[in-house]
Protein chains: 2
Amino acid sequence: MTTGTEKKPSRIQLRNRHRILDAALNVFSQHGYRGATLDLVAKEAGISKPNILYYFSGKEEIHVTLLNQLMETWLDPLIEMDASGDPMTELLAYVQRKLDMARDLPRESRLFANEILQGAPRMGPHLASDLKPLFDEKCALIETWIHEGKLAKVDPRHLIFSIWSTTQHYADFEAQIDVLMPKRAKEDGATDYLNAMFTKLLSP
Amino acid sequence: MTTGTEKKPSRIQLRNRHRILDAALNVFSQHGYRGATLDLVAKEAGISKPNILYYFSGKEEIHVTLLNQLMETWLDPLIEMDASGDPMTELLAYVQRKLDMARDLPRESRLFANEILQGAPRMGPHLASDLKPLFDEKCALIETWIHEGKLAKVDPRHLIFSIWSTTQHYADFEAQIDVLMPKRAKEDGATDYLNAMFTKLLSP
DNA sequence: TAGGTTTTTTACCACTTGGTAAATACACGA
DNA sequence: TCGTGTATTTACCAAGTGGTAAAAAACCTA
């Protein structure tokens with residue numbers, strides 16, 4: 001028995017929902033939930049406000065939809081960290097994936113940052129139900145690697161925090177970095193620096 | 001010739017301005033500029049909205065006042081990093097000061113994060129005029145230390161970014177950390193971890 | 001191309017928001 | 001305790017906010 005209540009959406013629906021979510025991502029990631037307005041989303045999407053409310057039941061639903069989509073994308077790089085691989089390689093690859101995400105999906109990173117900054121009012125449950133188990137699992141994995149002498153002794157939890165913070169920083173604090181650093185040095189410099197940093201840190 | 005245009009503020013003025021700014025810090029740091037409302041500030045401060053506008057000319061002025069105060073506090077730890085001290089000691093002490101600030105002034109950290117996340121619309125000039133020169137000066141200092149063989153070869157700019165991101169993370173992403181980690185392990189664990197991390201990274 | 005269906009627009013509405021004017025209450029030195 | 005400047009409240013407003021109802025337009029298939 002499939003969940004056949006909804007018929008498949010038309011091409012127009014697909015296109016417009018996509019446009020709206022893309023515009024909403026811009027607005028929500030820049031202003032946070034409270035600071036975002038449907039009028040701003042409407043203008044950015046090139047779709048009238050009532051028309052937006054034809055596709056989504058309200059501001060909240062748009063935000064929640066974005067957050068749900070984000071959660072998958074967000075967990076993915078950590079999920080891929082494989083227990084059967086070489087520990088150092090796996091961890092450095094994880095850092096690289098996170099850094100790639102900060103470069104390719106800065107709006108998503110800021111949307112997440114905004115939500116957490118505001119106390120995770122809408123994503124708290126998701127964090128507890130989805131992220132927490134994954135986090136614990138990967139912490140245990142790293143712990144194992146350490147016990148096997150494959151990695152230096154570090155607290156896996158703080159290790160992961162430092163990976164998150166250093167990589168996401170390039171997306172979330174881009175406005176500050178742009179002031180302090182010529183654009184060119186940004187991209188490559190970060191990769192080399194973080195690679196060296198975590199290699200040193202994790203070498204047993 | 002002193003700037004004698006303003007007479008010294010009364011006790012009531014001092015007290016109320018302080019109350020308002022404290023409440024505003026709560027509200028702005030949680031919701032960002034657009035998401036914050038004077039009504040929220042008023043309720044939190046226990047002062048009516050028109051009365052708040054008796055002390056400040058408007059929402060913008062309150063926010064700017066907070067940002068200006070913040071800038072001093074924010075630059076301070078970096079200013080204190082002394083060229084005449086031992087490089088490793090100085091840098092680790094800097095990390096510690098930043099970590100202390102994340103613990104003691106999480107609202108300020110979030111206010112700053114919010115402003116940068118939104119593209120630094122109000123603090124951009126401040127960053128360029130105040131932070132940038134200080135940043136360049138300290139980068140040069142670290143460069144010197146490296147050339148003297150006192151520190152490992154790292155890009156000073158990315159080093160500072162990684163210090164900022166790892167320390168501020170504990171304030172800005174507190175909501176996430178609270179989900180992932182029992183409160184107890186948070187405080188001490190971070191200090192030990194970051195100390196070990198930057199010691200390894202910077203040892204020549 | 002006629003018909004119903006989907007999509008979009010127009011015209012609203014109640015509530016919130018930043019801000020103001022003026023009247024009122026308060027503090028405090030002479 | 002009186003008067004004067006200070007502080008606070010009351011009563012507003014215009015603009016912006018999330019959201020709705022219903023008509024109009026565009027779309028699509030028979």
Side-chain angles (χ1 to χ4, degrees), chain A residues 4-67 111 114-115 118 121-122, chain B residues 4-67 111 114-115 118 121-122:
Chain A
T5 45
E6 310 104 7
K7 46 188 64 175
K8 55 184 165 187
S10 72
R11 244 160 284 126
I12 294 179
Q13 279 197 32
L14 245 37
R15 172 174 55 84
N16 281 355
R17 283 183 68 98
H18 188 270
R19 273 192 197 168
I20 292 167
L21 288 174
D22 188 69
L25 180 55
N26 286 331
V27 176
F28 280 115
S29 68
Q30 201 183 350
H31 299 294
Y33 182 76
R34 295 216 46 183
T37 69
L38 288 185
D39 291 279
L40 262 178
V41 175
K43 206 198 303 175
E44 187 121 348
I47 294 175
S48 74
K49 185 168 62 174
N51 201 14
I52 283 182
L53 292 165
Y54 170 75
Y55 290 100
F56 291 92
S57 70
K59 182 184 180 181
E60 176 105 17
E61 200 205 317
I62 299 178
H63 194 235
V64 167
T65 303
L66 282 177
L67 253 30
L111 180 73
N114 253 310
E115 170 68 9
Q118 286 162 30
R122 270 161 264 276
Chain B
T5 45
E6 308 103 9
K7 42 187 67 175
K8 56 184 166 188
S10 71
R11 242 161 289 125
I12 294 178
Q13 280 197 29
L14 244 38
R15 173 175 53 85
N16 280 358
R17 284 184 66 97
H18 187 270
R19 273 192 199 169
I20 292 167
L21 287 174
D22 188 69
L25 179 56
N26 286 332
V27 177
F28 280 115
S29 68
Q30 204 187 346
H31 299 293
Y33 182 76
R34 293 216 51 185
T37 70
L38 289 184
D39 291 280
L40 262 178
V41 175
K43 205 199 300 175
E44 187 122 348
I47 294 176
S48 74
K49 184 169 62 174
N51 200 14
I52 283 183
L53 292 166
Y54 171 75
Y55 290 101
F56 292 90
S57 69
K59 182 183 181 182
E60 176 105 16
E61 200 205 318
I62 299 178
H63 193 236
V64 167
T65 303
L66 283 177
L67 252 31
L111 180 71
N114 255 308
E115 170 68 9
Q118 284 160 32
R122 269 160 268 273

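Please read these numbers as outputs of a predicted model, since none were measured by experiment. The figures that follow rest on heavy atoms only: side chains count, while hydrogens, waters and symmetry mates do not. Each chain gets a letter, A, B and so on, in the order the sequences are listed, and its residues count up from 1.
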Quiz prompt | Comparing A/Thr37 and A/Ser57 on DNA chain D - which has the more 5′ nearest nucleotide | solution =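 That would be A/Thr37.
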Quiz prompt | Comparing A/Pro50 and A/Tyr54 on DNA chain C - which has the more 5′ nearest nucleotide | solution =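 Its nearest nucleotide lies further toward 5', so the answer is A/Tyr54.
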Rounded distance (Å) that lies between atom [atom2] of [N] and atom [atom1] of [X]:
X	N	atom1	atom2	result
B/Ile20	D/dA7	CD1	C1'	11 Å
A/Arg17	C/dT7	CZ	P	11 Å
A/Ile52	C/dT7	CD1	P	15 Å
B/Asn51	C/dG18	CG	P	16 Å
B/Asp39	D/dA15	CG	C1'	15 Å
B/Lys43	C/dT16	NZ	P	11 Å
A/Lys59	C/dT16	NZ	P	14 Å
B/Lys49	D/dC13	NZ	C1'	11 Å

Taking OP1 and OP2 of [N], is either one under 4.0 Å from a side-chain nitrogen or oxygen of [X]?
X	N	result
A/Ser48	C/dT8	no
B/Asn16	D/dT8	yes
B/Gln13	D/dT6	no
A/Arg34	D/dG18	no

Quiz item: B/Phe28 vs B/Tyr33 aromatic rings, parallel, tilted or perpendicular, using cut-offs 30° and 60°?
Solution: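 Rings of B/Phe28 and B/Tyr33: parallel, under 30°.
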Quiz item: side chain to side chain contact (heavy atoms under 4.5 Å, CB included) with B/Ile20: which of B/Thr65, B/Leu38, B/Ile52?
Solution: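 That would be B/Ile52; it is the only one of B/Thr65, B/Leu38, B/Ile52 passing the side chain to side chain contact (heavy atoms under 4.5 Å, CB included) with B/Ile20.
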Describe the nucleic acid contact of [X] in one word from base, sugar-phosphate, nothing, applying a heavy-atom distance below 4.0 Å.
X	answer
B/Ala36	sugar-phosphate
A/Leu53	base
A/Phe56	nothing
A/Arg15	nothing

Quiz item: What's the verdict on side chain to side chain contact (heavy atoms under 4.5 Å, CB included) for B/His31 and B/Thr37, showing C-alpha distance, side-chain angles and the deciding distance?
Solution: CA-CA 9 Å; B/His31 299 293; B/Thr37 70; over 6 Å; no
Quiz prompt | Distance, nearest 0.5 Å, that separates CG of A/Asn26 from CG of A/Leu111 | solution =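 These two atoms lie 10.5 Å from each other.
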Self-check item: Worked verdict on B/His63 versus B/Glu115 for side chain to side chain contact (heavy atoms under 4.5 Å, CB included)
Solution: CA-CA 10 Å; B/His63 193 236; B/Glu115 170 68 9; 3.6 Å; yes
